[in-house]
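Only one structure is covered here, and it is reproduced in the block below.
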Amino acid sequence: MRIDDVLDEVRALRAADAPTHGGRTLAYVYDSGLAEVDELGARAHALASAANALDPTTFPSLLRMENDLVATAAALLGGGRETVGTVTSGGTESCLLAVLAARQARPEVADPAVVLPTTAHAAFHKAAHLFGLRVVAVEVDPVTFRADAETMAEAIDEDTVLVVASAPSYAHGVVDPVAEIAEAAARRGVRMHVDACIGGWVLPYLRRLGVEGPAFDLSVPGVTSISVDLHKYAYCPKGVSVLLHANTELRRGHYFGSADWPGYTMLNTTVQSTRSGGPLAAAWAVVRHLGDEGYLRLARDTLHAVEAIRAGVEATDGLRVLGEPGATLLAVATDGTDAGFDLFTVADEMRQRGWYVQPQFAHGHSPVNLHLTVTAVNRDCHDEFVADLRASVDAARGSGPVAVDPALRALLAGLDPDALTPEQFAGLLDAAGLAPGADAALPSRMAPINALLDAAPPRLRERVLLEFLGVLYRPSRREATVD
Ligand SMILES: Cc1ncc(COP(=O)(O)O)c(C=O)c1O
């Protein structure tokens with residue numbers, strides 16, 4: 001096929017995606033609103049995408065760029081002379097490696113555990129699953145959604161290899177009391193990781209702009225590692241994060257080497273072995289171009305947009321902002337259970353108006369809410385967002401809340417997800433409206449499906465949605481691209 005035709009096909013496929021630019025997708029994507037930043041990232045990516053960080057001696061450019069990025073991150077996040085780091089593929093990999101390094105450092109612990117607030121990112125559950133740790137999830141304050149340092153301290157015992165706090169949490173945008181938690185961890189001789197994957201590149205600038213909040217970085221005594229994603233608020237192309245450790249000894253456990261085969265001695269700093277130089281070079285270029293001043297400006301724009309959206313939500317009848325957000329993320333809930341509308345319908349209404357807001361299911365004290373990741377580009381559209389949010393609430397009020405049949409709700413609550421057969425899962429997918437369609441397209445109204453999923457206990461929801469994922473990832477002959 002001709003190159004232009006192939007690229008046209010890519011463009012046509014991409015047309016069905018949520019927009020990645022313009023501020024109308026308030027999750028998954030981060031937009032500086034500066035076209036030249038995207039252009040620079042793409043060009044630098046292309047220059048290095050074939051280079052392989054698997055061997056830094058063969059590709060010294062990547063070694064240099066990685067050391068530069070780590071140095072910049074360390075300077076931003078309170079690192080000292082001993083601070084070292086690793087560039088990874090993203091937040092989840094950084095969190096995985098923080099957990100792995102901590103576990104490897106304590107081989108004498110037979111039943112290692114990671115102590116985290118219930119609001120910590122699911123990446124830590126994945127790490128525990130992959131590396132054989134126990135998760136000790138500690139309740140957070142039911143109103144502020146901030147981790148409780150005292151309860152966290154009580155949960156630390158001789159099996160604890162790592163304690164985690166967020167700066168901020170994804171779900172509510174709340175910065176945990178890092179200093180108090182780190183102090184408790186240090187007292188027990190346990191490592192402490194700060195997950196600043198989403199906030200690490202914007203919180204330091206917010207502090208400079210006068211936003212107060214807990215200290216959260218490597219300068220806090222007891223913090224042994226911190227992660228920050230460059231593909232979030234550093235506005236770099238996807239596939240790049242930095243994990244910093246306070247010293248080389250702390251980092252050692254996530255390195256892997258094997259000489260026990262006939263090929264090259266495999267030496268890896270991350271989960272990946274072959275690592276494209278593309279995301280690294282793109283990030284290096286974008287960070288150099290924007291510089292400290294550029295990020296300060298973008299943080300100012302973002303702060304302005306967050307404040308405007310927050311004020312707009314709080315002035316909207318029936319809506320409130322959950323917890324005490326301290327960064328650039330908001331969780332929007334209804335005022336009460338009898339608000340007369342539901343947020344899943346509001347999300348559908350927003351979608352019809354060209355916005356993507358991310359529904360978050362109820363969990364513990366956290367009610368159903370809509371997650372908003374606000375980025376710099378929202379400086380230009382926050383008023384329009386608030387106006388459409390209000391119109392969406394009005395429309396949702398007009399149609400009334402979606403209801404889940406009480407009998408179905410009771411049925412869901414009683415199901416044992418671990419005992420269900422593939423046929424029963426297929427039946428559940430059908431009942432949830434997620435049965436495979438001809439083109440795997442989702443219905444335009446997701447509210448009934450989301451309400452049903454919300455009624456399912458988390459474990460059942462996980463299993464049903466994983467079945468759904470399995471249905472999505474099934475190639476058909478029609479989709480074959482090489483024939
Ligand atoms: C606090 C936090 N940690 C970890 C992650 C995981 O990052 P990624 O999606 O890049 O793997 C995220 C993603 O939003 C996050 O917000």
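Please read all numbers here as calculations on a predicted model, not as lab measurements. Because only heavy atoms are used, hydrogens play no part in the values below, and waters and symmetry mates are left out as well, while side chains stay in. Whatever order the structure lists ligands and atoms in, that order sets their numbers, starting from 1.
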Worksheet item: Which atoms of ligand 1 have any heavy atom of Tyr170 under 4.0 Å away?
Response: 14 (O), 16 (O)
Discussion item. If only side-chain N and O atoms count, and only distance matters, is there a donor-acceptor pair under 3.5 Å linking Thr119 with His172?
Written reply: no
Worksheet item: Tell me, which protein residue and heavy-atom name are nearest atom 15 (C) of ligand 1, and how many Å apart are they?
Response: His121 CD2, 3.3 Å
Practice prompt. Using a strict cut-off of 4.0 Å, indicate which atoms of ligand 1 neighbour a heavy atom of Cys197.
Written response: 2 (C), 3 (N), 4 (C)
Fill in: Flag for Thr88-Ser94: side-chain donor and acceptor within less than 3.5 Å
yes
Fill in: Modelled atom types, side-chain donor and acceptor of Asp31 and Thr375, under 3.5 Å
no
Worksheet item: Does the distance from a Lys or Arg side-chain N to an Asp or Glu carboxylate O, for Glu384 and Arg353, drop under 4.0 Å?
Response: no
Worksheet entry | Contact atoms of ligand 1, heavy-atom distance to Asp229 under 4.0 Å | 7 (O), 10 (O)
Discussion item. Regarding atom 1 (C) of ligand 1: of the candidates Thr373, Asp195, Val228, Val194, which has the closest heavy atom?
Written reply: Asp195
Fill in: Where ligand 1 meets His231 - atom numbers and elements under 4.0 angstrom, heavy-atom basis
10 (O)
Discussion item. With a cutoff of 4.0 Å, is Glu93 in contact with ligand 1, counting heavy atoms of the residue only?
Written reply: no
Worksheet, complete the sentence: When rounded to the nearest 0.5 Å, the distance separating CZ of Phe425 from CG of Leu465 is 10.5 Å
Discussion item. Within the 4.0 Å heavy-atom shell around Ile198, which atoms of ligand 1 are there?
Written reply: 16 (O)
Worksheet item: Distance only, no hydrogens: is a donor on one side chain within 3.5 Å (strictly under) of an acceptor on the other, for His121 and Ser166?
Response: no
Item to complete: Identify whether the distance between the nearest side-chain nitrogen and carboxylate oxygen of Arg208 and Asp292 falls below 4.0 Å.
Response: yes
Worksheet entry | Min heavy-atom dist Lys232 to ligand 1 below 4.0 Å | yes
Item to complete: With heavy atoms of Gly91 as the reference, note each atom of ligand 1 found under 4.0 Å away.
Response: 6 (C), 7 (O), 8 (P), 10 (O), 11 (O)
